[in-house]
Amino acid sequence: MTTASPTSVDSTPIPDGTDPGGGVLGGRYRALTLGIVSVVLVIAFEATAVNTAMPTAARQLNGLGLYAFAFSGYFTTTLFALVVSGQWCDRRGPLRPLFTGIAVFGAGLVVAGTAPGMWVFVAGRAIQGLGGGLVIVALYVVVGRAYPERLRPSVFAAFSSAWVLPSIVGPLVSGAVTQHLGWRWVFLAVPVLILLPLAVMGPALARSERERPVLRGADFDRRRTLLAAMAAVGAGLLQYAGQRRDLVGLLPGIAGAVLLVPAVLGLLPKRTLRAGRGLPTVILLRGVAAGAFFAAEAFIPLMMTTERDFSPTLAGLTLTSGGLSWALGSWLQGRPGAERYRGAMIRGGFVLTAVAIAGAALVLIPAVPSWTASVAWGVGGVGMGLTVASVSVLMMRLSAPEDAGANSAALQMSDALGNVLLTGLAGVLFAALGGGSLAAAHEGAGGGGSPAAFAVILLVMASVAVLGALLSGRVRARA
């Protein structure tokens, strides 16, 4: 791992008489907490809105065969941005990468909202991924620099709580806009919300940076930047090869693997892919959890519109329970006394996620009521809230102050890589099992596409979550 500036993250609170008794909404931290939560709020609203509008957008752009690309393309460019953001934060502090990322994220929304075809739409999503990668690492570094260790679980719980309102309102608003104004306005309206984080967070973060300035660190590590570029290009080539599934796609598939494998080995902590005890397994489990859950979630609205003939609004609302219960799970892991059960919470979270993904697949059986998917996703949300927040807390605890920026980037890179590989795999399975014909079937016969495509995707992702539960015992190093 690249050694960050020793002052990049410092968990020691700034001397202040209010700190010992203050919480995340106390006098010292209130403005900063509201600011970073507002950033997460915008990202959450965009994610829930996109999940609702995506099936309609893909059909109208004649790009259902590239449906998975619209999700994995976001995370492919995020791979590169995460490394750049980690080094940028460690060298200059989180202020510049954070606000640059917000601006780039908004630009990607505009490109996607004005796209004339599916490939341009995917390009817009890729631009969003660049912005999102810059933002998320910067937020983690803000938490590490500005909050004492005792408050960090509460901050991560606040991150999850920021998904509650978008989970309720997002599908309703996005579905109504998609049906009455068109899916493009779902993307074009979100950039207006970016003004809120800029207004709320700017002064508070600037004040925090003045109180704890970042000393000029080493220059950007060109090797790590190159490895990040290799990872992004390699992942993109693998996805392209998987979509083609012919001899023509063999060459880019080989090239993608040649680029991706050494890049991942060089960017993640040693022994991560072998689930080494302690930090390597913590980093690995973030990718396993995110990849399994979000790869399954990407296809649930499409499954509900094609197999149950749901409207975009109802299909999006299926996922609402997951956002609400995610906040509950994150809140539970931050309760006093929960620290001693951190490993058990991670394992239990994976089990709940596996049960939820498999439960959502039951909707493919005609006799099973449609609301089963929503109930299942509520169970999965609790599991993800327990797992993701606990993994974040463990990463911070196992990181030396000078490594926190790089390890935060590695955690997010594992998240993005899990999304890219597993959503890409889901896309390959979807296309191979007849998913590309779903648009014609839905438009013509009113549904009845290829249930096998959805069933295989969901069962594979449930199996991945089970694997995460089995590996969770390795989050603590041997004494």
Side-chain angles (χ1 to χ4, degrees), residues 47 50-52 54-55 57-59 63-79 118 121-122 125-126 129 234-245 249 253 256-257 260 286-307 315-316 318-319 322 350 353-354 356-364 373 376-377 380 384 414-439 442 449-468:
V50 166
N51 280 337
T52 302
M54 192 68 76
R59 283 197 297 268
L64 202 64
L66 299 175
Y67 183 82
F69 254 125
F71 292 95
S72 59
Y74 178 100
F75 293 103
T76 298
T77 53
T78 298
L79 290 171
M118 192 63 179
F121 181 84
V122 171
R125 293 284 291 161
L237 290 173
L238 280 176
Q239 293 172 73
Y240 175 76
Q243 290 289 324
R244 290 195 62 96
R245 305 187 323 279
L260 184 62
R286 177 59 174 265
V288 173
F293 186 80
F294 289 116
E297 185 178 73
F299 284 87
I300 287 178
L302 184 62
M303 178 179 72
M304 301 307 291
T305 58
T306 57
E307 300 303 317
T318 302
L319 306 178
F350 271 111
T353 301
I357 297 173
L362 295 175
V363 175
L364 296 169
W377 222 238
M384 288 296 288
S414 177
D415 186 305
L417 189 63
N419 273 285
V420 167
L421 295 180
L422 291 179
T423 304
L425 173 62
V428 172
L429 295 172
F430 182 68
L433 295 172
S437 63
L438 282 171
H442 181 72
S450 178
F454 295 113
V456 170
I457 288 170
L458 294 176
L459 293 179
V460 167
M461 298 310 153
S463 300
V464 172
V466 170
L467 176 62

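Note that the structure is a prediction, hence the values are computed from the model and not measured. What you see below is based on every heavy atom in this structure, not just the backbone, and it leaves out hydrogens, waters and symmetry mates. Index from 1, following the sequence.
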Q.
For a 4.5 angstrom cut-off between non-hydrogen side-chain atoms, does Leu421 reach Leu260?
A. yes
Q. Can you name the residues that form a ring pair (Phe, Tyr, Trp, His ring centres under 6.0 Å) with Phe121, not counting sequence neighbours?
A. Trp183, Phe187
Q) Are any non-hydrogen side-chain atoms of Phe71 and Phe294 less than 4.5 angstrom apart? A) no
Q) Can you list the residues that meet the ring pair (Phe, Tyr, Trp, His ring centres under 6.0 Å) rule with Tyr74, with sequence neighbours excluded? A) none
Q: Answer whether the closest heavy-atom distance between the side chains of Pro451 and Glu307 falls below 4.5 Å.
A: yes
Q: Look at the aromatic rings of Trp377 and Phe293 and report parallel, tilted or perpendicular, splitting at 30° and 60°.
A: parallel
Q | Arg125 side chain vs Ala70 backbone, donor-acceptor pair below 3.5 Å | A | yes
Q) Looking only at heavy atoms, what is the nearest atom pair of Ala465 and Phe350, with distance? A) O-CD2, 3.5 Å
Q. Which heavy atom of Phe299 sits nearest a heavy atom of Phe454, and at what distance?
A. O-CE2, 3.7 Å
Q) Nearest heavy-atom pair of Ala416 and Leu79: which atoms, and what distance? A) CB-CD2, 3.8 Å
Q) Taking all atoms of both residues into account, what is the closest heavy-atom pair of Thr78 and Gly129, and its distance? A) OG1-O, 3.0 Å
Q: Find the distance between CG (Leu422) and CG (Leu417) and round it off to the nearest 0.5 Å.
A: 9.0 Å
(Q) Ignoring hydrogens, what is the shortest heavy-atom contact between Ile357 and Ala296? Give both atom names and the distance. (A) CG2-CB, 4.0 Å
Q.
Give me the atom names and distance for the closest heavy-atom approach of Leu237 to Gly256.
A. CB-CA, 3.8 Å
**Q.** Any Leu302 side-chain heavy atom under 4.5 Å of Arg59 side chain
**A.** yes
